[in-house]
J.: 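Encoded as structure tokens, here's the structure I'll be asking about.
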There are 2 protein chains.
Amino acid sequence: MTSDARPASVEDTAPVGFQEHDHQTCVETALTSVEAQCSAEGLRLTPVRRKVLEMLLQEHRALGAYAILDQLRAEGFGSQPPVAYRALEFLVQNGFVHKIERLNAFVACSHPGQSHSPAFMICRKCDAVAEAQSSPAKGALGAAARAAGFEIERTVVEAEGLCPDCTEKA
Amino acid sequence: MTSDARPASVEDTAPVGFQEHDHQTCVETALTSVEAQCSAEGLRLTPVRRKVLEMLLQEHRALGAYAILDQLRAEGFGSQPPVAYRALEFLVQNGFVHKIERLNAFVACSHPGQSHSPAFMICRKCDAVAEAQSSPAKGALGAAARAAGFEIERTVVEAEGLCPDCTEKA
DNA sequence: ACTTGTCATGTTATTTCATATCATGTATTG
DNA sequence: CAATACATGATATGAAATAACATGACAAGT
């Protein structure tokens, strides 16, 4: 689970997530980027927070708060729900992690740093999650909102379906 | 709560939800439409199911399963969670009610009958919910999905923000 | 009429997700 | 080094959702 060195020949195009890739590098890059952003903005990436982020980056799929909590416990951190939820709150607020509403679960952000309104593709079979960009406010929804006088502040876009792997197997 | 006859002069354009409207008529129309569809398709709109649908139509905003359950209890129906969840499951499966993932709550469909992939505008202040159309699969997300080989089956689109009323008050 | 099958409902118990609250600790920073 | 912000720990509870099993209602087949 910790060292799965892969060819890494397929270098990613936009939607990171389902393709094979050099995962170790992917994790390290993301972590570095987050660290940079934190020190730049005076955010405190404390041990618990860092650990949670690492876990999510490592897994590369959505984890529930209690799954996270179990791992925290195993590593000697506090083992009560608020420990996990607080770390997640920090990470979500700062855009390092996203919550997948459909699953009541969390994934590490694939494009940390870049401001974005993310969209997700969630495999209903294997629970893999890939992050893409979306601008729903620009399409039909935006028009409807303007017509209705609704001020969009944030959007949740989640597509459920089958990932490439699971499609093949079926 | 039961009889709030309003001018009904503002006849709706696309996104039903925030505008004032003749609510009683709105409820009755929807109910009739659902009844028609049920008898056409041999679906059984039983008392519990009908009651839940009525409640949601009447409220015109998202209600949690337990709020629904409370009302069911008050009306003499079963009072355990599965009672509400089963009715909701039926209503959701047949497109008469939608689940708002962001709120873990449910709203009556504003366009019953018409097939649609709904999008929602949710006021973070008063919890009002308006339904609009969306075709996220046609925009950036669709492109990303095709690129990644992901088969979209269903999408959740929920915009959070301020409804016209709450915007004014602020 | 009686049996069988199907679908809906009722009930109990449990699991999973989430937060309020209060006490304690640990860093800045003034 | 005190003040104060922020982070964590721990207890308790609330809220959402489902598993599992029993009962009831009704239509179809014999």
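A note on names: the letters A, B, ... follow the listed sequences, proteins ahead of strands, and every chain is numbered from 1.
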J.: Please compare B:Gln80 and B:Phe90 by the position of their nearest nucleotide in DNA chain C and report the one closer to 5'.
T.: B:Phe90
J.: Would you tell me if any nitrogen or oxygen in the side chain of A:Thr46 comes within less than 4.0 Å of OP1 or OP2 on D:dT8?
T.: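 A:Thr46 to D:dT8 OP1/OP2: side-chain N or O found under 4.0 Å.
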J.: Can you give one letter per nucleotide of nucleotides 17-25 of chain D, going 5' to 3': B for a protein heavy atom under 4.0 Å from the base, S for sugar-phosphate only, - for none?
T.: BBB------
J.: Using whole Å, report how far CD of A:Glu101 lies from P of C:dT16.
T.: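 Rounding to the nearest Å, CD of A:Glu101 and P of C:dT16 are 20 Å apart.
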J.: Would you mind reading off the distance between B:Glu89 atom CD and C:dC7 atom P, rounded to a whole angstrom?
T.: 13 Å
J.: Find the distance B:Lys51:NZ to C:dT9:C1' and express it as a whole number of Å.
T.: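 After rounding, the gap between these two atoms is 18 Å.
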J.: Between A:Leu69 (CG) and C:dC17 (P), how many Å, whole number?
T.: 11 Å
J.: Let me see the working for B:Glu75 and B:Met55 under side chain to side chain contact (heavy atoms under 4.5 Å, CB included), right down to the final yes or no.
T.: CA-CA 11 Å; B:Glu75 307 255 353; B:Met55 285 175 40; over 6 Å; no
J.: Can you measure from CG (B:Leu57) to CG (B:Leu31) and round to the nearest 0.5 angstrom?
T.: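 Separation between the atoms: 6.0 Å.
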J.: Kindly indicate, with the supporting measurements, whether the criterion side chain to side chain contact (heavy atoms under 4.5 Å, CB included) is fulfilled by B:Val34 and B:Leu91.
T.: CA-CA 10 Å; B:Val34 168; B:Leu91 294 167; 5.6 Å; no
J.: Hey, can you tell me if A:Phe150 and B:Phe18 have their rings parallel, tilted or perpendicular (30° and 60° cut-offs)?
T.: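 It falls in the parallel class, under 30°.
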J.: How close or far is atom P of C:dC7 from atom CG of B:Asn94, stated in whole angstroms?
T.: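 Atom-to-atom, B:Asn94 to C:dC7, this comes out as 14 Å.
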J.: For B:Leu45 and C:dC7, what is the distance between atoms CG and P respectively, to the nearest whole Å?
T.: 17 Å
J.: Check the orientation of A:Tyr66 and A:Tyr85. Use parallel for under 30°, tilted for 30 to 60°, and perpendicular for over 60°.
T.: perpendicular
J.: Rounded to whole angstrom units, what separation is found between the CZ atom of B:Arg102 and the P atom of C:dA18?
T.: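 Result: 11 Å.
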J.: For a quick test of reading the model: is some side-chain N or O of A:Arg44 closer than 4.0 Å to OP1 or OP2 of D:dA5?
T.: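 Checking A:Arg44 against D:dA5: no side-chain N or O falls below 4.0 Å of OP1 or OP2.
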J.: If you measure from CD on A:Glu160 to CD1 on A:Ile100, what distance do you get to the nearest 0.5 Å?
T.: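 The CD atom of A:Glu160 sits 11.5 Å away from the CD1 atom of A:Ile100.
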J.: Would you kindly give the CG-to-P distance between A:Leu103 and C:dC17, to the nearest whole Å?
T.: 10 Å
J.: So do A:Leu43 and A:Gln37 actually touch side chain to side chain, heavy atoms under 4.5 Å?
T.: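 No; the side chains remain at least 4.5 Å from each other.
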